[in-house]
Number of protein chains: 2
Amino acid sequence: MDGPLLVLDPRDGAPIGVRLVDGVRRGILGGLLAPGDPVPSTRALAAELGVSRSSVVAAYEQLAGEGYLELRQGAPTRVARLVVEPEASAPSLSPSPSPVAGPSDRTGPEAPRGDEPPLLRIDLLPGIPSTARIDERAWRSAWRRAAAAPIPRSSPPRAGLAGLRVEIADHLRQARGVGCTSDDLVVTAGTSDALGLLGAALLELARDDGGAGGAPPVVAVEHPGYPSARRLLERRGLVIAPLPVDADGLDLDALRRMPRPPQAVMVTPSHQYPLGGRLPVASRLELIDWARATGALIIEDDYDSEFRHLGAPLPALASLDRLGAAGGRTGPGTERSSERTVLVGSFSKVLTPWLRLGYLVLPADPALRAAVLRIRADEPCPVAGPAQEAMRVFLASGALRRHIAATRRDYAHRRRMVQSVLGELPGAPLSGLDGGLHAVVGLHDAEASAAIVARLAEEGVGVAPLADYSAVPGERPGGIVFGYAGVGDALLGEGLARIRAALVDTLAPGRRE
Amino acid sequence: MDGPLLVLDPRDGAPIGVRLVDGVRRGILGGLLAPGDPVPSTRALAAELGVSRSSVVAAYEQLAGEGYLELRQGAPTRVARLVVEPEASAPSLSPSPSPVAGPSDRTGPEAPRGDEPPLLRIDLLPGIPSTARIDERAWRSAWRRAAAAPIPRSSPPRAGLAGLRVEIADHLRQARGVGCTSDDLVVTAGTSDALGLLGAALLELARDDGGAGGAPPVVAVEHPGYPSARRLLERRGLVIAPLPVDADGLDLDALRRMPRPPQAVMVTPSHQYPLGGRLPVASRLELIDWARATGALIIEDDYDSEFRHLGAPLPALASLDRLGAAGGRTGPGTERSSERTVLVGSFSKVLTPWLRLGYLVLPADPALRAAVLRIRADEPCPVAGPAQEAMRVFLASGALRRHIAATRRDYAHRRRMVQSVLGELPGAPLSGLDGGLHAVVGLHDAEASAAIVARLAEEGVGVAPLADYSAVPGERPGGIVFGYAGVGDALLGEGLARIRAALVDTLAPGRRE
């Protein structure tokens with residue numbers, strides 16, 4: 001191999017392991033290394049870079065886990081061939097998809113992602129972050145500075161305050177490796193506003209297009225998946241098509257088997273909501289190729305991927321989609337917008353849903369951008385100007401970065417608590433813990449799951465039944481979903497003990513007798 | 001007449017004229033006085049209350065102007081019979097309604113109510129308030145207190161912060177005479193969020209109802225009227241039915257002539273947007289009776305009625321609808337919710353659209369309330385918690401009340417400037433000035449109007465063509481709409497002079513030659 005395999009960014013203060021992983025990843029995604037190419041031996045690379053061999057071994061292992069490299073005993077390590085391997089999927093969670101879900105699950109869950117949790121002593125409903133480590137001085141200072149600014153007489157700009165968008169772009173670069181610019185960003189009142197705006201834009205584009213006989217656009221969604229998002233889109237007049245997920249996230253074969261491609265597919269590739277699977281890089285690239293071929297939009301719901309507990313985060317679809325086509329990816333392209341991926345993010349998990357602040361990272365598609373801005377002309381950016389300015393100051397102060405670092409440690413500790421209390425129960429596999437703020441206990445029986453949820457509620461512990469996330473009417477996968485981030489260690493310990501007791505009693509009722 | 005005709009609230013610090021008008025109005029609306037009843041002579045009432053006779057005369061005149069009383073030379077003054085008198089309507093603005101407007105006007109106006117006005121030197125686009133008199137100390141203090149509060153881990157409550165809702169209810173009682181409670185209120189991110197929420201609720205109710213073969217709900221709207229609201233509802237999947245307006249606001253006969261009653265009618269009764277007509281009390285009561293008979297919802301867009309320059313404000317539909325049926329209204333009913341009226345309000349005109357803060361006052365209808373809260377469970381209240389808390393503190397400090405009082409004086413002065421510069425132009429009647437922040441110059445020719453708007457834009461003066469407000473595709477009423485509230489007196493004077501010059505040149509082009 002001529003020239004350096006990778007150049008580590010000398011300004012980057014990250015640990016060598018992280019920089020190594022990032023460098024090799026960029027080399028592969030940027031086309032320096034083609035699928036099937038051998039990579040240097042760990043020994044050779046360690047010598048070239050002047051780092052310990054064990055660092056390189058660990059980096060290669062992580063890259064293999066992420067799907068970038070193929071490690072084989074006794075053979076050179078190679079760049080993975082980036083093909084989708086069919087995977088066995090968990091039986092209760094991968095139903096054959098029905099093409100259109102009805103609105104019958106409307107009476108289902110009570111906003112599992114946060115609104116007004118009932119007054120329980122131990123609230124382990126998924127989606128609640130910890131706010132204990134927010135730098136209150138920086139927080140107060142940010143709002144004070146926002147309040148001292150002159151008070152304009154107009155609505156905030158359609159895409160949001162320019163200064164805030166610059167800071168969000170910085171945050172995305174640092175925390176997610178997404179190299180967008182402020183021009184790609186639209187500030188939203190959280191994820192629901194973002195999805196509502198996208199849904200409205202898809203409807204406008206379908207109407208302008210006049211294709212499909214004026215039929216409403218179809219959005220393929222994960223099943224099980226985020227129920228509020230599904231209902232929101234249905235409420236806007238879009239048609240929902242549920243697709244199964246497996247341990248690796250969305251089942252791409254099911255997507256390809258759809259009789260006609262949907263106008264959009266909504267995915268949670270970093271940490272499938274709620275099951276927790278992670279879409280491998282090869283599948284991500286496949287998904288992007290599919291979207292480019294069909295013209296469909298990928299809606300990447302990147303709701304909690306700042307928190308990755310096992311392995312570094314995989315590149316966002318929105319990042320991968322900024323590179324050239326899969327056959328000939330030509331360079332890092334840091335200044336390009338994505339082609340078909342819109343990233344939906346928010347500060348709800350990374351800070352608090354109390355803020356109602358989120359964003360869209362739009363792809364280059366000029367028609368989509370125009371539709372979004374046209375809608376925002378009629379329905380102005382709903383985020384108060386002072387809240388935007390306060391968030392700009394807070395981000396610029398570095399307080400969010402420090403908060404994420406501190407909170408990540410807290411969450412990693414709580415995650416270990418979850419594993420130690422619930423990790424070994426036969427018949428109740430624990431999953432979804434590689435990232436994010438919640439976990440899933442798999443159960444075969446939806447009725448038993450509902451009974452456990454009800455018993456825990458009576459005991460003051462709030463958790464959600466997995467059946468609430470079903471996107472297919474009548475299908476009720478067994479299992480319970482709970483968050484472990486939002487309560488302190490003592491309460492969490494008590495809550496986990498009660499969950500364990502409820503599970504043990506249900507799985508082996510004889511024991512108590 | 002036995003007992004006192006009216007009891008003036010002794011705690012009320014308002015001028016005697018305002019209290020007189022309010023007292024008689026309450027007597028009529030509360031059923032103490034029936035339609036056709038004679039009221040005491042001005043002399044007798046002045047003696048009874050110990051006030052000057054001229055105060056009573058002025059109050060009776062105002063009440064007659066508002067439609068409560070009938071004054072006749074040489075006959076006793078009586079309570080008006082509360083019937084709708086058909087009125088001649090301005091020719092260019094009262095087209096025969098087409099039952100369903102298409103989306104063809106989507107390319108029309110650029111957000112005439114506020115978003116991102118182009119960078120003009122003299123921005124007279126309608127809807128821009130003055131923020132010059134906001135008490136900046138109270139403003140900063142409110143945000144500082146909001147930032148000092150603990151940071152919750154959840155979304156704000158579905159209906160908004162309870163403390164803020166209490167303050168908004170107080171504001172509505174004081175500034176608008178609407179006696180709602182905080183339980184009737186839902187906090188929104190301005191008017192567009194409020195209308196989106198209502199539209200979604202109407203869709204849900206229509207779907208649950210299953211009536212009309214699953215057809216989407218129809219919302220009757222004013223023509224000309226608020227274009228963003230119309231497009232917003234269409235975007236949500238509702239069907240728009242434009243109805244003509246005349247000098248008194250919505251044409252109720254046209255509403256009654258609709259082949260089937262719409263599911264809702266959206267009106268701006270205090271100050272028709274944009275023409276400025278005011279719906280008389282008799283028509284208001286008729287509209288409420290119609291809504292009660294048909295089950296339709298009245299959406300009262302109360303966007304700028306805190307600013308009334310000529311005559312006291314009329315009672316809001318939401319107030320009138322809290323009383324008994326028209327045939328036997330039984331008492332002030334201050335604790336009742338309205339039956340069929342939802343009031344949509346915001347702080348965009350009364351403070352600044354920069355805040356993106358508004359509210360709904362919901363009627364008693366339990367199905368509607370349940371639908372609204374169900375939607376908010378999926379799509380949380382989009383207003384940042386700190387913004388809600390800051391507004392609560394700001395309202396509680398009395399700063400908004402003081403701001404309205406100060407701004408009202410400014411606007412009254414600017415309104416007189418408008419009248420003195422543009423009030424006497426033949427062929428270009430000035431209207432809409434009785435309240436609010438904008439005025440209309442009527443013109444017969446839409447092409448000439450567009451040319452005037454373009455010329456003024458070139459000269460750095462931003463105004464809107466009335467044609468932008470058309471709700472009927474292909475109908476383009478002549479006229480221009482401009483705001484006079486948001487710029488200082490000097491700039492306003494310059495802008496008005498340029499408007500006058502453009503009008504004079506257009507109406508009498510020979511003069512310049």
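Naming: A, B, ... by sequence-line order, numbering from 1 per chain.
Scanning all heavy atoms of the two residues, the minimum distance from Arg235(B) to Asp378(A) falls at NH2-OD2, 2.9 Å.
Ranked by heavy-atom pairs under 4.5 Å with chain A, the first of Leu203(B), Ile375(B), Val383(B) is Ile375(B). When each of Gly190(B), Ala200(B), Pro386(B) is scored by its heavy-atom pairs under 4.5 Å with chain A, the top score falls to Pro386(B). Between chain A and the residues Pro152(B), Pro382(B), Ala147(B), the most heavy-atom pairs under 4.5 angstrom are made by Pro152(B).
Residue pairs satisfying the side-chain hydrogen bond (donor to acceptor under 3.5 Å, both in side chains) criterion with at least one member in residues 135-146 of chain A, sequence neighbours excluded, are listed as follows: Asp135(A)-Arg402(A).
Within a 6.0 Å radius of CZ in Arg133(B), other residues, nucleotides and ligands contribute 12 heavy atoms or fewer.
Judged purely by atom type and a 3.5 angstrom limit, Tyr359(A) has no side-chain atom pairing as donor or acceptor with the backbone of Arg165(A). Judged by distance alone, with hydrogens and angles left aside, the side-chain atoms of Arg230(B) form a donor-acceptor pair with the main-chain N or O of Ser470(B) at under 3.5 Å.
Here the side chains of Ser192(A) and Ser228(A) are not in contact, with every heavy-atom distance at 4.5 Å or above.
Contacts of Leu161(B) with chain A are made by side-chain atoms alone, with heavy-atom separations under 4.5 Å and no backbone atom involved. No part of Leu351(B) comes within reach of chain A, as not one of its non-hydrogen atoms sits under 4.5 angstrom from that chain. Only the side chain of Ile134(B) comes within less than 4.5 Å of a heavy atom in chain A; its backbone stays farther off. Of the two parts of Ile151(B), the backbone and the side chain both hold a non-hydrogen atom closer than 4.5 Å to a non-hydrogen atom of chain A. Neither the backbone nor the side chain of Leu357(A) comes within contact range of chain B; no heavy atom of the residue lies under 4.5 Å from a heavy atom of that chain.
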